Amino acid sequence: RGISSANTEGIFRIIQAIPSPKAEPFKRWRARVGYERVQEIEDPELATKRTRALYKAKGYSDAWIEKRMRGIEVRETLTDEWNKRGVEEGKEYAILTAEISKATFGMTPSEYQKFKGLKRENLRDHMDDLELIFSMLGEASTTKITKDKNAKGFIENKIAAQKGGLIAGDARRKLELESGGKVITKENYLTTPQNRKKIKK
């Protein structure tokens, strides 16, 4: 099970209070991360640049990074709408996200993670180009329906999420029918051929 943000904060406080010299490297790291976060609040573009650099360092292609970054923007636009329309961050966001994913791919994000053999890794960091594109289509469609229908509250936004996901799901099925291949793949970044050597090191 993951550590909650409250527990994480408590652990940080405990470590910060430890007088031992062994805790100093961690304290310095925490101070640096905190400083970088303040910089990002003052200049949001820095966060984008750092995210791009992190993906690049991990070996992702420039083309994939562009799609991933665009997907992050699409996601943030959607969650901004949810926030303005009375959807509670946390559990309700997760439920609506699951509705979009089910309608788009036939699986919730947790089911998709298991399908790809992932554990705690970020699912979208392990999607290929088409999977990312259909994820964006589901969320962008949901955003448009949400705004155009002026959805308010959890129930109305859940309906919008189902409809938005269905638009992407229909497009995915149409592509699969015409191409004869599947969009959904078990492949992930940890197991793609070009990265197997990196993982073994």
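None of the values given here were measured: they were computed from a predicted structure. For reference, positions follow the sequence shown, starting with 1.
Pairing each heavy atom of Gly153 with each of Val87, the nearest pair is O-CG2, 4.2 Å. What you find for Ser141 and Ile167 is that their closest heavy atoms are OG-CG2, 3.7 Å. For Gly165 against Thr104, the heavy-atom pair with the smallest separation is O-OG1, 3.3 Å. Across every non-hydrogen atom of Ile145 and Ala160, the tightest pair is CG2-CB, 3.9 Å. Across Ala161 and Leu96, no two heavy atoms sit closer than the pair CB-O, 3.8 Å. Between Lys119 and Glu121, the shortest heavy-atom distance links the atoms N-OE1, 2.6 Å.
Taken from CD1 in Ile65 to NZ in Lys58, the straight-line distance is 10.5 Å, to the nearest 0.5 Å. Separation of atoms CZ (Phe115) and CZ (Phe105) is listed at 11.0 Å; rounding is to 0.5 Å. One distance of note links NZ of Lys152 with NZ of Lys84; it measures 12.5 Å at 0.5 Å rounding. Here the straight-line distance linking atom CD of Glu139 with atom CD of Glu73 works out to 13.0 Å at 0.5 Å rounding. From Thr77, atom OG1 reaches atom CD1 of Ile72 across 12.0 Å, with rounding to the nearest 0.5 Å.
Lys163 is listed as a side-chain neighbour of Ile159, based on a closest heavy-atom distance under 4.5 Å. Inter-residue side-chain proximity for Glu89 and Asn83 is flagged as unmet; no heavy-atom pair is nearer than 4.5 Å. For the pair Arg172 and Leu130, the minimum side-chain heavy-atom distance is 4.5 Å or more. Inter-residue side-chain proximity for Asn188 and Asp128 is flagged as unmet; no heavy-atom pair is nearer than 4.5 Å. A heavy-atom distance below 4.5 Å is found between the side chains of Ile184 and Met107. Residues Met127 and Thr185 have side chains not in contact (no heavy-atom distance under 4.5 Å, counting atoms from C-beta outward). Side-chain contact between Glu81 and Lys147 is present, with at least one heavy-atom pair separated by less than 4.5 Å.
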Stepwise side chain to side chain contact (heavy atoms under 4.5 Å, CB included) check, Leu78 with Ile100: CA-CA 12 Å; Leu78 175 58; Ile100 298 170; 3.8 Å; yes
Working for side chain to side chain contact (heavy atoms under 4.5 Å, CB included), residues Met69 and Arg52: CA-CA 8 Å; Met69 297 306 296; Arg52 285 178 184 275; 3.9 Å; yes
Full working for salt bridge (Lys or Arg N to Asp or Glu O under 4.0 Å) between Glu111 and Lys114: CA-CA 5 Å; Glu111 290 168 343; Lys114 289 177 184 176; over 6 Å; no
Criterion side chain to side chain contact (heavy atoms under 4.5 Å, CB included) on Asn157 and Arg85, from CA distance to verdict: CA-CA 8 Å; Asn157 277 281; Arg85 295 169 186 280; 3.8 Å; yes
Working for side chain to side chain contact (heavy atoms under 4.5 Å, CB included), residues Arg75 and Thr97: CA-CA 10 Å; Arg75 172 72 182 175; Thr97 300; 2.8 Å; yes
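Side-chain contact annotation: Thr51 with Arg68, donor-acceptor N/O pair under 3.5 Å absent. No hydrogens or angles considered: a donor-acceptor pair under 3.5 Å links the side chains of Tyr112 and Glu131.
In this structure a side-chain-to-backbone donor-acceptor pair under 3.5 Å is missing from Thr108 to Lys102. Judged purely by atom type and a 3.5 angstrom limit, Glu178 has no side-chain atom pairing as donor or acceptor with the backbone of Lys174. Counting only distance, with no hydrogens or angles, the side chain of Lys116 and the backbone of Glu187 share a donor-acceptor pair below 3.5 Å. Distance alone, capped at 3.5 Å, places no donor-acceptor pair between the Tyr55 side chain and the Arg50 backbone.
For the pair Glu66 and Lys56, the salt-bridge criterion is not met [side-chain N within less than 4.0 Å of a carboxylate O]. Between Glu176 and Arg173 there is no salt bridge, since none of the side-chain N atoms of the basic residue sits less than 4.0 Å from a carboxylate O of the acidic one.
Residue Leu118 is grouped with residue Val183 when hydrophobic side chains (ILVMFWY) are merged at heavy-atom distances under 4.5 angstrom, including chains of intermediate members. Leu166 and Val74 are members of different hydrophobic clusters when ILVMFWY side chains are connected at heavy-atom separations under 4.5 Å. Transitive grouping of hydrophobic side chains (ILVMFWY, heavy atoms separated by less than 4.5 Å) keeps Phe134 and Leu177 in distinct clusters.
For Tyr60 and Tyr189, the distance between ring centers is under 6.0 angstrom.
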